[in-house]
Amino acid sequence: MAVISYIEAVTQALDEEMSRDQNVFVMGEDVGKRGGVFQATKGLYEKYGENRVIDTPLAESAIAGVGIGAAMYGMRPVAEMQFSDFMLPAANQIISEAAKTRYRSNNEWTVPITIRAPFGGGVHGGLYHSQSMEAIFANVPGLKIVIPSTPYDVKGLLKASIRDNDPVIFFEHKRAYRLIKGEVPEDDYVLPLGKADIKREGRDVTVITYGLMVHDVLQAAEKLEKEGISVHLLDLRTVYPLDKDAIIEAARKTGKVLLMTEDNKEGSVISEVAAIIAENCLFDLDAPIRRLAAPDVPAMPYAHPLEQAFMVKPEQVEKEIRDLAEF
Amino acid sequence: MAVISYIEAVTQALDEEMSRDQNVFVMGEDVGKRGGVFQATKGLYEKYGENRVIDTPLAESAIAGVGIGAAMYGMRPVAEMQFSDFMLPAANQIISEAAKTRYRSNNEWTVPITIRAPFGGGVHGGLYHSQSMEAIFANVPGLKIVIPSTPYDVKGLLKASIRDNDPVIFFEHKRAYRLIKGEVPEDDYVLPLGKADIKREGRDVTVITYGLMVHDVLQAAEKLEKEGISVHLLDLRTVYPLDKDAIIEAARKTGKVLLMTEDNKEGSVISEVAAIIAENCLFDLDAPIRRLAAPDVPAMPYAHPLEQAFMVKPEQVEKEIRDLAEF
Amino acid sequence: MIRESSSTTQVKNRHRELGLSDQDVLNMYTQMLKARRVDERLWLLNRAGKIPFVVSCQGQEAAQVGAAFALNQKKDYVAPYYRDFGFVFAWGMTVKELMLNNFAKAEDPNSGGRQMPGHFGYRKLRMLSHSSPVTTQNPHAVGIALAAKLKGDDVVSFVTFGEGSSNQGDFHEAANFASVFKLPVIFLCENNHYAISVSLKRQLACAHVSDRATGYGMPGKTFDGNDPLAAYAAVKEAADRAHRGEGPTLLEADGYRLMPHTSDDNDLSYRTKKEVEDAKKRDGVLTFADYLRAIGILDEVTEEKLEEQIRKEIDEATDYAEHAPFATADTVFRYVYEDKD
Amino acid sequence: MIRESSSTTQVKNRHRELGLSDQDVLNMYTQMLKARRVDERLWLLNRAGKIPFVVSCQGQEAAQVGAAFALNQKKDYVAPYYRDFGFVFAWGMTVKELMLNNFAKAEDPNSGGRQMPGHFGYRKLRMLSHSSPVTTQNPHAVGIALAAKLKGDDVVSFVTFGEGSSNQGDFHEAANFASVFKLPVIFLCENNHYAISVSLKRQLACAHVSDRATGYGMPGKTFDGNDPLAAYAAVKEAADRAHRGEGPTLLEADGYRLMPHTSDDNDLSYRTKKEVEDAKKRDGVLTFADYLRAIGILDEVTEEKLEEQIRKEIDEATDYAEHAPFATADTVFRYVYEDKD
Ligand SMILES: Cc1ncc(C[n+]2csc(CCOP(=O)(O)OP(=O)(O)O)c2C)c(N)n1
Ligand SMILES: Cc1ncc(C[n+]2csc(CCOP(=O)(O)OP(=O)(O)O)c2C)c(N)n1
Ligand SMILES: [Mg+2]
Ligand SMILES: [Mg+2]
């Protein structure tokens, strides 16, 4: 199996789906000639032409809204938002339209669109090129929100998202793009949406997280293993709607739970995870739930020391797990 | 003390602040001549003229964005979004701009705007005139989100919001407008933002909620009192950032907690409340946390039986409290 | 059957030169009248407490019906907005279906009673699902046109919206997108001079909504919204352009909203009775009937028959809709996502 | 002091008729040159690994500086966008401050290093805080104008943005709002023919961004973005209109982006070297120098002195900024809300 990067898995998934299904096309700012500002659509313009890899005007609400219309016609648009921070002009189209069309039309009209957006920080992007936007959409029935952590998951989940008959927001961690590599089968496979994945079996402490943080935890777990602390790691993969059963099972597994997100703490996706656990397995817990998240300040500043101060650090991860293990 | 309705308290607060401070002005769709589609700004156009009660074009992003600009100049705009459902075109201005201006300018520029919006259901408004939108904004540092439950709170909190030097989203429950009446002092007073309020002291079960549901709980509590069940009721009032101390104290008070919202359950404001409790007072709980909320379907449909099916019913409230009491 | 109008009529025959037969224009008038009478009935039903809410089409039927007749009813995609009774009738929705919509019953083909009245959507008729936040349908219509173009389908995508709504960002972004890609879209703004209480001058500073076309490099045209033939001609020309691959057109029907914004509105708080009365003199339903009479297509007998037939249809539809069942409570959970079972 | 240009010059004196003295135009040129040289230095610093990111003004200095000179620097409010080095220098920001901004140091008056470079904002100079999502500043500028009007202050509100950004809904909504209320706003679109990789024709279907003015009922004008005098004249006229209470104006500087979009971009993936070389021949910094030379205001000595002076200023500023402290980690928590203590 080839070892490829997270972003290569994105490109591969797009390429495979485009060649598999004529209805799949890509649209967004600079996705064509330029191959995307991160190069996620690299080579697709050359391969599929300007009709299927469409450079759009600079207007996110139109990208989403036109994509929705095309999806209603029976196409499977994959719309790129250049940075997740810039999805907000499209919030109305995504929340009022894409998410609600099936419901409001009593199942007559459907919107099989995939909206891809790079998110996350640690890339010196400042306030508006580092944000986690998932919480804003994670209270909107009708949407699915996928956040993969590995190249393998990227490919399988992106392909599944494109084939899904409902709108999917697919957040890609921009720092993972080139940092994270992994084995990815060359052939066609899909992974189920809505299912969390156990990334590591363990006995002492359960960590539930998603995105790039999965790797922080894996690293910490290696280290802690040597101290005799065994970490169980659940990767949410779909952050809305959440995989309740998997969360409950993972929490019960060790009775000690650490929830992690790169997002601001209050009102984040892990708040809902905490609520699910508090509702369903309170008496299985041996320690209070812990959350490790970014501080409740707007986003990470540009200056390096400030960016660092904002981000969750590996030492913190280890410390939280250790504290829980010792609780 | 005069007994006035919830909406009269809105109008009174606006009127008082406008006469107190020349920098306060009102803007929005139909707020002028028409006095607002709900009549919240009734009489203000006649009293303050078209320069201070501004009928704007039909464009929410402009209403928010122009309001932000005016606020940066030193004014205190009170912008009305006709229905909270229609705030989404302004999501970018609210989240990227209003919320982050102080932070990004290192405290140089500030945005003392108040954005008022009627929310909530049970008014035969269908999918797009019934929604609770607070969760979408309740992960955005820099914003404050206020949701009052009584005319007294409306007046004190709206006046405080207008005087606050940061952006405040002020959600008014549209079914409460004429339904809820209460005593309101004629003179000037403000209530603190960011502080929850105990609406009822009790011993057996703690209910934490906000908005119109506060009244559902008060009614249930009366009834349950006769059965010997004593309900402690905390009204969040500010749903972002939450009053952590008050939440923890209220949860500890009885050790049994019911959280309620009219919003879809997953990813709602009460998820964060649950997380705070699970983090801070797990061992004080005698029962798992319960949440009573709307189902995770887009919003309440228009047809009466469907609207009813969506909404939390008084019997459910009683049952949940009773179950907890008996736990 | 009606006789072809004689060439000795005093009034100039305006429809023949548009390629419309006498039967065509009588059909047009029938749809306009039907929309008007249904609307009037809805207000009665509302006042009788039978339906909680009315959104009204009165004053805009002419433009709506004229537009519908100019499109290909077998192939084109349409995204009508909440006032488009005339349009949806001419497009194939029945009075019964519209009544089911207004009574919010399970059988309503638009949303099964989930949405408020006037939120149209009918897959069978290639009519997109409409929501409440205004102007969101504009980019959808552009997306339909983009998809059709990508698939090589010769389809025109037609969308309507109010003049107040033309101030939303989505109008701008959609128009620009359509024009950059030369997509077969017809944007029809139904300018009724009010957005709830706010009059035209407070909404736009340009003379005509169609002036905005220049900024998108597309043709723009304003026509008399009370004249279905003007609407027909304008939409036909735009459709022809679209079919020729020349891209989108921005049209504006200059009309007037004769009734309050909705049954929740009190329009005399922001306009005078006199203004409304003056507008009624230009009412397209009346003036088009005058034209048909003058040209000899409509006489008292035909008119009475028409009214009678429409009345009967409305009576039956109302009766049916009133007694039809609501969707059951358990269905509230359905269709959030695809039912996989 | 420089001598007033003699009337015997071959070239027509274009600045005198605009009311600009020789000293004025030399000042203009100085600001343009300063912006250019600072920009060049930033690319060097980036390549040397000293700063992680550059966003460039090259090719747009002429329009920026001409505009700044036409406004009232004591009273007007401005919302420049990320390429506006020429503008912010002419408006009073120092090279040191811009370097602090690029090194993201605590002393940066724009954001104390919190934002990426080029996200201007300077309260003291009535310069609004700029964010990354494009075009959000347009409604802010309108809000400033509305507030000033409500307070009776005679203030002009000036805002800039790119041609790609003119496709955002916020452009449309802001322009419409300003015109409906006849607010004193100047919208200046710096059309550099690219929005990252997407060229003008894929962004807009109209000939000029200024064509959009018609749709807002305001005057629109395109001028040569390489000519600071054209910019000056256009902005001055717009400012005069604004002061007279006649409302907003949409201006467009027709220019070109000489460098890649940012230091993260590879512009040769979407345009040719030749196209860039051709554009360089029209470069305003060169052509304006030619004018000044032709008219006798700029000679070799002055030029050398200027360059020397600017180089020194940049050296000192760079040195200062490079060694200035970052904001400390603990400050990351500050200023989310008002500090009440
Ligand atoms: C985004 C949004 N904002 C506000 C509303 C409330 N609203 C419904 S209709 C309307 C006026 C629409 O005016 P116009 O576009 O002229 O259409 P008309 O109703 O006159 O046909 C308003 C403000 C809405 N539905 N959507
Ligand atoms: C809302 C939004 N979408 C996307 C981006 C990413 N982006 C930054 S600059 C830019 C191109 C801007 O082009 P233009 O408006 O012509 O300005 P220019 O950079 O050419 O001066 C894009 C797409 C952004 N900053 N904001
Ligand atoms: Mg209207
Ligand atoms: Mg550009």
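Below, chains carry the letters A, B, ... as their sequence lines are ordered, and counting in each starts from 1. These numbers come from a predicted model, not from an experiment.
- Proximity of R271(C) to Y194(C): side-chain heavy atoms (C-beta onward) are separated by under 4.5 Å at one or more points.
- Neither the backbone nor the side chain of D330(C) comes within contact range of chain B; no heavy atoms are under 4.5 Å apart.
- Taking the six-membered ring for Trp, H124(B) and Y302(B) have ring centres closer than 6.0 Å.
- Chain B forms more heavy-atom pairs under 4.5 Å with one residue of G113(C), S166(C), G112(C) than with any other, namely G113(C).
- For chain C, the option among R34(B), H129(B), E60(B) with the highest count of heavy-atom pairs below 4.5 Å is R34(B).
- The most heavy-atom pairs under 4.5 Å with chain B, out of F326(C), F333(C), Y270(C), come from F326(C).
- If you measure heavy-atom distances from F53(C) to chain B, the contacts under 4.5 Å come from both the backbone and the side chain.
- The most heavy-atom pairs under 4.5 Å with chain B, out of A195(C), G162(C), S197(C), come from S197(C).
- Using the six-membered ring where Trp is involved, F171(C) and Y216(C) have ring planes that are perpendicular, over 60° apart on the 30 and 60° scheme.
- Checked against a 6.0 Å centroid threshold, the rings of Y81(C) and F161(C) do not count as neighbours.
- Counting heavy-atom pairs under 4.5 Å between each of N266(C), D170(C), D264(C) and chain B puts N266(C) at the top.
- For the residue pair E8(B) / Y177(B), no side-chain donor-acceptor distance below 3.5 Å is found, with atom types taken as modelled.
- At least one side-chain heavy atom of M18(B) sits less than 4.5 Å from a side-chain heavy atom of V26(B).
- Taking S111(C), A106(C), S132(C) one by one and counting their heavy-atom pairs under 4.5 Å with chain B, the maximum is reached by S132(C).
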